Number of protein chains: 2
Amino acid sequence: MVHASNERRPTLEAVAARAGVSRATVSRVVNGGAGVRGEVRERVRRAVTDLGYVPNSAARSLVTRRTGAVAVVIAEPETRVFADPFFGRQLRGISRELSAADTQLLLLLQETRAGHERIGRYLSAGHADGVLMFSLHRDDPLPAMAEASGLPTVYGGRPGWAGAERALYVDTDNRDGARQAVRHLRARGRRRIAVITGPLDQTSAQDRLDGYRDALDPATADPRLIADGGFTAQGGERAMAELLAAAPDLDGVFVCSDLMASGALRTLRAHGRRVPEDVGVVGYDDLDPAAWTDPPLTTVRQDVEEMGRLMARLLLRRLAAGPGAARDEPAPVVTPATLVVRESG
Amino acid sequence: MVHASNERRPTLEAVAARAGVSRATVSRVVNGGAGVRGEVRERVRRAVTDLGYVPNSAARSLVTRRTGAVAVVIAEPETRVFADPFFGRQLRGISRELSAADTQLLLLLQETRAGHERIGRYLSAGHADGVLMFSLHRDDPLPAMAEASGLPTVYGGRPGWAGAERALYVDTDNRDGARQAVRHLRARGRRRIAVITGPLDQTSAQDRLDGYRDALDPATADPRLIADGGFTAQGGERAMAELLAAAPDLDGVFVCSDLMASGALRTLRAHGRRVPEDVGVVGYDDLDPAAWTDPPLTTVRQDVEEMGRLMARLLLRRLAAGPGAARDEPAPVVTPATLVVRESG
DNA sequence: ACGCGGCATGAGAGCGCTCTCAATCCTTTC
DNA sequence: GAAAGGATTGAGAGCGCTCTCATGCCGCGT
């Protein structure tokens with residue numbers, strides 16, 4: 001049954017009148033029907049479909065103090081969010097898990113510099129039951145907003161700010177992944193191995209740089225071999241150009257994301273360096289673009305979708321447990337990283 | 001002021017008590033403060049910040065019948081949503097415009113085949129004041145859901161289903177854009193011009209194909225020169241391979257999206273065809289990837305971000321006008337398309 | 001036949017907010 | 001100085017739903 005936008009939608013009261021029962025009984029049926037006689041339940045169900053009744057969510061969450069929704073906050077300009085397949089994949093995992101639990105996903109984008117203020121207000125207004133937050137930078141104001149809202153929060157990536165010891169998060173073993181990448185380059189005989197990092201105020205970027213250092217022959221360490229590509233394709237392009245200028249003799253690059261690696265490959269080609277003959281390249285993420293580059297990218301695989309799913313699952317567990325539940329308290333999760341060898345290095 | 005998650009957030013009542021006024025007065029101040037004496041207003045404001053009061057949105061929208069949120073529904077699997085920069089750009093425009101009007105954006109993704117059912121329920125439950133919907137296919141059940149919910153709706157792309165004559169939408173002149181692309185290829189001396197289309201149950205894809213036919217020399221029309229690339233990169237790759245097999249003598253391709261064009265370029269390279277020497281390629285969209293391909297892509301520009309902004313603006317006007325307002329009724333918008341010549345054709 | 005436990009149902013009190021309407025208080029004007 | 005008129009403020013009735021508690025009904029044991 002369709003309602004014109006000006007006529008009011010039917011309420012519980014209306015359904016109750018039609019089914020010849022009380023509001024309370026209709027409410028019980030709508031919420032599962034436990035404790036209602038089969039015959040009555042059917043009668044109410046019929047009234048519901050006849051009238052096209054849909055519960056008013058505002059009224060419901062006013063009394064239950066639950067919204068059935070989880071906010072996903074991404075601390076990046078949309079430019080990056082939609083340019084980097086990483087977010088899409090993670091979101092997909094989250095989305096899958098949430099909808100299985102019949103929970104709505106609210107995507108909050110931070111448009112402006114001051115956007116966190118809006119987001120904080122939104123969270124505090126009680127639009128969501130919990131928060132998933134990722135891609136955080138060291139002195140991002142967002143975690144404080146989440147904290148202030150009092151909502152259970154799960155972070156994507158290990159939080160790096162002070163006082164985050166008790167935070168719940170899902171991360172991959174970035175440091176180990178980086179080690180594998182660099183070891184692989186060394187095993188293939190590369191001696192001058194550079195690195196293109198992400199923004200170092202993110203723990204994932206810092207951890208990968210640390211892993212690079214771990215696996216490097218200390219004798220070949222050289223600050224000129226390190227450049228920041230900001231986790232964007234253009235950044236990777238630029239960083240690669242800088243590296244080639246500062247250390248023309250480099251023969252390997254570990255690029256801390258596939259997206260940056262695609263940029264780096266372009267620069268290498270433009271400079272006439274052949275990959276992998278002259279320079280070996282290893283990326284990080286193993287998202288779709290990795291297989292599409294020319295040549296296909298050797299990279300470090302992290303199951304991004306699974307990470308998203310884990311984040312959601314952690315949060316749902318937390319929500320189900322209730323505010324003060326100490327037993328069965330969920331704990332942070334760290335997933336492994338594995339090297340995928342293709343043709344670039 | 002931060003509240004532990006178990007202690008209740010302060011209510012209007014609490015603020016009123018602290019400021020020594022009535023609930024009604026606090027409500028006035030919170031909603032702008034019109035008609036409240038300056039001194040009282042200040043006192044209330046102080047009480048608000050002292051207590052860290054944030055209005056409960058459920059209670060508010062229960063009475064106002066407004067949520068301050070707009071739902072954006074994308075009728076595609078997330079795989080496409082996050083792989084195609086088109087959506088990101090459009091969303092960005094929408095997001096900009098909405099946040100300027102202090103309206104929240106709710107992104108609803110359709111995960112499963114049956115996802116529209118969930119979405120319909122969500123819309124009907126009154127979580128949003130209006131709907132923005134794009135990338136619709138001919139017999140998509142989503143518009144019916146939007147219709148049933150009674151919410152004002154604006155579509156991205158001209159709706160193609162029956163009974164959509166009165167629908168509000170924003171579109172570009174796809175047919176004209178396609179004509180320009182094909183005319184350009186002809187002007188460069190191409191005689192056997194193929195086309196890689198999107199899914200033809202979308203009006204944008206059909207319109208571009210029509211434009212291709214308009215501009216083609218009728219004498220050279222040939223069904224073997226038409227292939228469907230499904231608006232994805234892999235689809236473009238595959239379609240290009242099919243075309244080369246069916247018509248090895250082709251010397252030009254009009255590819256109906258940049259993403260598909262990037263795939264087509266890969267296939268051409270793999271088959272040893274030089275671009276633009278052997279085959280001229282023109283894309284559609286002019287999104288970031290267009291400039292990054294090798295060679296950079298000649299393409300048809302549509303201002304996707306602006307389209308998003310226009311969609312949001314249209315919806316906001318509609319919402320502001322109220323349900324039955326006939327005066328100043330917003331009308332569909334069609335934006336122009338322009339050719340951007342780079343190196344691929 | 002009576003009382004009791006258990007299940008199904010209804011009555012009614014809110015959840016936190018907005019908004020109408022009446023009451024109050026100042027000015028202003030004659 | 002008093003009445004009129006406008007600006008402030010407060011009281012109170014809901015918005016639609018959930019949930020507790022009281023009530024009514026049944027079959028059971030004694």
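Values in this document were obtained by computation on a predicted structure and should not be read as measured data. Convention: sequence-line order gives letters A, B, ...; per-chain numbering from 1.
- What separates CD of B:Glu42 from P of D:dT8 is a distance of 15 Å, to the nearest Å.
- A:Arg60 has its CZ atom 19 Å from the P atom of D:dC15, to the nearest Å.
- Residue order along DNA chain C, read from the 5' end via each residue's closest nucleotide, puts B:Ala58 first among B:Ala58 and B:Arg28.
- Heavy-atom nearest nucleotides on DNA chain D were determined for B:Ala59 and for A:Thr64, and the one closer to the 5' end corresponds to B:Ala59.
- The side chain to side chain contact (heavy atoms under 4.5 Å, CB included) test with B:Arg28 singles out one residue from B:Val40, B:Val44, B:Val21, B:Val36, and that residue is B:Val36.
- Atom CD in A:Glu13 sits roughly 12 Å away from atom C1' in C:dA11 (whole-Å rounding).
- Rounded to a whole Å, the OH atom of B:Tyr53 is 11 Å from the C1' atom of C:dT18.
- Between the P atom of D:dG14 and the CG atom of B:Leu12 lies a distance of 19 Å, rounded to the nearest Å.
- Using a 3.5 Å distance cut-off with no hydrogens or angles, the side chains of A:Ser135 and A:Gln202 do pair a donor with an acceptor.
- Looking at which nucleotide of DNA chain D each of B:Val63 and B:Ala24 is closest to, the 5′-most match is held by B:Ala24.
- Of the possible polar contacts, one joining the A:Asp129 side chain to the A:Thr67 backbone as a donor-acceptor pair under 3.5 Å is found.
- Rounded to whole angstrom, the span from the CG atom of A:Leu62 across to the P atom of D:dG16 amounts to 12 Å.
- Between D:dT9 and B:Ser22, no contact under 4.0 Å exists linking OP1 or OP2 to a side-chain N or O.
- Note on B:Arg65: only backbone sugar-phosphate atoms sit closer than 4.0 angstrom, heavy atoms only; bases stay farther off.
- Between A:Val40 and A:Arg23, the residue anchored closer to the 5' end of DNA chain C is A:Val40, taking for each the nucleotide with the nearest heavy atom.
- Neither OP1 nor OP2 of D:dT8 sits under 4.0 Å from any side-chain N or O of B:Arg37.
- Closest non-hydrogen pair, B:Met311 versus B:Met133, comes out as CE-O, 4.0 Å.
- For A:Asn56 and D:dC15, the shortest distance from a side-chain N or O to OP1 or OP2 is not below 4.0 Å.
- A sub-4.0 Å separation between OP1 or OP2 of D:dC17 and a side-chain N or O of A:Ser27 is absent.
- Taken from CG in A:Leu132 to CG in A:Leu314, the straight-line distance is 9.0 Å, to the nearest 0.5 Å.
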